[in-house]
Amino acid sequence: MTESLPAIPDITPEKVEADRRVLELLSNTFPNVGAASTEIINLEAILNLPKGTEHFVADLHGEHEAFIHILRNASGNIKRKVTEIFGTSLSERDIRELCSLIYYPEQKLEYITDDPEANLADFYTITLHRLVRVAQSVSSKYTRSKVRKALPREFAYIIEELLHESPLEGNKQAYFNRIIETIISTGRADAFIVAMCNVIQSLSIDRLHILGDVYDRGPGAHIIMDVLGRYDKFDFQWGNHDALWMGAAAGNEACIANVLRISLRYANLATLEDGYGINLVPLATFAMDIYGDDPCIGYEPRLDTDADDISDKTRTLIARMHKAITVLQFKLEAKLIDRHPEWDMDNRRLLHRIDHTTGSVTLPDGSVHPLTDNSLPTVDPADPYRLSLEEAELIAKLRHSFRVSDKLARHVHLLLSHGSMYGVYNSNLLFHASLPLNADGTLRGVNVDGRLYSGRRLMDAVGATMRAAFNYDTPAPRKDYACDFYWYLWCGPDSPLFDKSRMATFERYFIADRATWREEKGHYYELRDEPAVCDMILDEFGVSGTHRHIINGHVPVREGKGESPIRAGGRLMVIDGGFAKAYHATTGMAGYTLVFHSRGFQLVKHQPFTSAEQAIREGTDIESTTEIVEMSQQRMRVRDTDKGTELQGQIDELRQLLFAYRHGIIKERRF
């Protein structure tokens, strides 16, 4: 009997012939009708699974403990799952204890097993059964193949069996229970619990989007980067603070000075010294030589309540180092401004405007202001931007220290390999700060290496320039420009990572009149509240879909003052909620996570995190509240995502291959 073949629409011998080269390559993987058909069936099934859960965070600013906890608890999603499963059978305390075990399995087990009153046999049996149920729930939206890839090799077979069997099914109950019993009797319970908890964490977040600014203020940016280095499901949109550190790693001396100034301002020496091995002894020696008798008032480090263990002597030393690098920064920045007149930043050269006799400064607008500090022994009034011999030696040593840091180089490579200026994912346009606009809402042209770019082409040109600083085959003039450009990205008026009239660093340090500190925001920050402007930008980047959005960070949302993260009729979401402790008083919270699952968007607002130690011992969690941003009556499937478009393209190619096999255009082969 001849097999009746279903018609394949829109496929003709001519189209197959035109795509023959691609199809012949595909036939190496799927050499006959059976193999191609099986793969089509598999891909069609995947298209109908619920979409994976995406998490968006921004402006982490070195708050590693809070970030790691949110990563471990999936922005509260794991606790919601555990409550759904056990809410009617476990107490709130037991739910907290189970959750803290899932978040910190090694530490929690150590705490439990050290308890002389603990009945470990019962604990292991009960806990393993509970963990299996949670793992079954979080893995239910994925294919067995995807789940299998997330399993640790040592326990992969056992976990897979437990995930797909039920202890309630009569025929398999003894089989299921015996697996659990044997895990315990062979002394592998601790290792297996750790493995299960890690699987639950891994499957609870399908994709992590970081919208910039891992660095500065908090003490653990290097720890966050270490964590991301072990995490394979994330992308990164660079922020201005990230660009600053990347520029420092590239050898930009003005970026190096800014990195040091900010670190000293927040007494954040751990990232520099412990994280990246930056040698601060030359700076400390220089500061004591030059400012040994200077109280350096106004340069004292900003400390939170956890930093009370810093001695007065150390605080004084930090203040002197802070002042030394600040003055040096202004000199180094002036050299860049002189080298690049096209940046139009001459108004940031202010040392030559100081009248040392009267102790005042005349700003570019003609206003005269008394200096809060006129003790500037390294500034020569006759040539204020000239580096002294000691300053030149100091910056050379600091530059060398940044350039030879292997760990910093690895982290910059991670930023480059996983990062970009913007990203488009599932109808969402992600970028850290701004897309420069004119006052009328049109795209603003920005000079990048002698050419004007705007919109998407600007973002692409900026990204290519940033990469050029680290590519071995970049011509020397291009590499020099790219290295310089990192500082412009940090504080340039038309930088898409900054987009303000100026960075008023000098005024904040030397002028008491706060009116001089004002930094006028670019037109984007006002116009982005208009739906038509957001639609124009989304069109510019080719973002399609009924529900499409722009997602930004950079500017903290001051919820305490009535600001909303949801703007432009839902088209724009600003998710800088202030992870950094320095912003908690301003924002009234401790960060946002935006969660995009198969039902829609939810915004999770976090309160300050106490500590991992307290979470382990007492079962505490970050207190979070969830706001529904946008929900759908029908669950999104994989076919509704970018991945679905990719899989549908593979299906279409496989259907062409089937046509070619069945019509003899390409010959079938055995495996």
Side-chain angles (χ1 to χ4, degrees), residues 65 68-69 71-74 76-139 147 150-170 172-204 230 610-622:
E65 279 206 332
I68 291 170
H69 188 80
L71 203 60
R72 289 175 179 270
N73 80 353
N77 190 50
I78 289 177
K79 186 173 183 181
R80 287 192 290 274
K81 288 282 186 184
V82 171
T83 302
E84 287 174 9
I85 297 168
F86 300 110
T88 60
S89 57
L90 295 181
S91 67
E92 177 61 29
R93 182 179 182 279
D94 287 340
I95 288 174
R96 288 201 311 269
E97 288 296 307
L98 178 58
C99 287
S100 66
L101 174 67
I102 294 172
Y103 307 156
Y104 303 97
E106 297 96 335
Q107 301 92 323
K108 190 71 174 180
L109 282 170
E110 183 177 347
Y111 176 66
I112 292 171
T113 54
D114 284 346
D115 183 356
E117 298 182 4
N119 185 330
L120 291 182
D122 285 350
F123 165 77
Y124 287 140
T125 301
I126 294 169
T127 299
L128 286 170
H129 277 86
R130 289 172 179 171
L131 290 176
V132 169
R133 289 187 64 186
V134 177
Q136 287 173 336
S137 177
V138 299
S139 66
V147 172
L151 303 182
R153 180 177 301 178
E154 182 180 9
F155 296 114
Y157 173 77
I158 300 172
I159 294 176
E160 190 168 9
E161 286 293 292
L162 292 173
L163 289 181
H164 299 105
E165 300 295 347
S166 170
L168 302 179
E169 185 180 340
K172 290 293 185 74
Q173 186 173 1
Y175 170 74
F176 185 98
N177 290 338
R178 191 56 182 165
I179 292 176
I180 299 292
E181 292 167 4
T182 306
I183 291 169
I184 297 170
S185 66
T186 55
R188 300 296 290 156
D190 282 6
F192 193 80
I193 286 173
V194 171
M196 286 293 291
C197 292
N198 289 336
V199 167
I200 291 168
Q201 289 182 33
S202 176
L203 294 177
S204 295
R230 301 187 293 270
T610 51
S611 69
E613 178 65 23
Q614 189 172 345
I616 294 162
R617 289 191 173 276
E618 301 176 20
T620 58
D621 206 340
I622 289 182

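- Scanning both residues, N77 and S204, for their nearest heavy atoms gives ND2-O, 4.1 Å.
- With hydrogens and angles disregarded, no donor-acceptor distance shorter than 3.5 Å links the side chain of E154 to the backbone of F192.
- For the pair V82/I102, a side-chain contact is recorded, criterion being any heavy-atom separation below 4.5 Å from C-beta on.
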Please test F155 against V194 for side chain to side chain contact (heavy atoms under 4.5 Å, CB included), starting from the C-alpha separation and ending with a verdict. CA-CA 11 Å; F155 296 114; V194 171; over 6 Å; no

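- Partner of V147 under the side-chain contact (heavy atoms from CB on, under 4.5 Å) criterion, out of L203, V138, I159: L203 alone.
- With respect to the salt-bridge test (charged N to carboxylate O, under 4.0 angstrom), the residues E65 and R72 do not qualify.
- In this structure, CG on L151 lies 11.5 Å from CG on N198, to the nearest 0.5 angstrom.
- Residue pairs meeting the ring-ring contact (aromatic ring centres under 6.0 Å, His included) criterion with at least one partner in residues 77-116, sequence neighbours excluded, are H69-Y103, H69-Y104.
- When all heavy atoms of A135 and L163 are compared, the pair lying nearest together is CB-CD2, 3.4 Å.
- Here N177 contributes atom CG and T182 contributes atom OG1; the two are 10.5 Å apart, rounded to the nearest 0.5 Å.
- In this structure R133 satisfies the side chain to side chain donor-acceptor pair (under 3.5 Å) test with no other residue, sequence neighbours excluded.
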Please report the C-alpha distance between N73 and C99 in whole Å, then the side-chain angles of each, then the deciding distance to 0.1 Å, and finally whether the side chain to side chain contact (heavy atoms under 4.5 Å, CB included) criterion is met. CA-CA 8 Å; N73 80 353; C99 287; over 6 Å; no

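- Between I180 atom CD1 and L128 atom CG the span is 5.0 Å, to the nearest 0.5 Å.
- Note that the CD atom of E92 and the CD atom of E97 stand 11.0 Å from one another [nearest 0.5 Å].
- Within the 4.5 Å cutoff, no side-chain heavy atoms of I200 are placed close to those of K81.
- In terms of modelled atom types and a separation under 3.5 Å, the side chain of Q201 and the main chain of L71 share no donor-acceptor contact.
- Within a 6.0 Å sphere centred on CD of E110, other residues, nucleotides and ligands contribute 12 heavy atoms or fewer.
- When all heavy atoms are compared, the tightest approach of A150 to V199 is O-CG2, 4.0 Å.
- To the nearest 0.5 Å, atoms CG (L131) and CD1 (I126) are separated by 12.0 Å.
- The CE atom of M196 sits 8.5 Å away from atom CD1 of I183, with the distance rounded to the nearest 0.5 Å.
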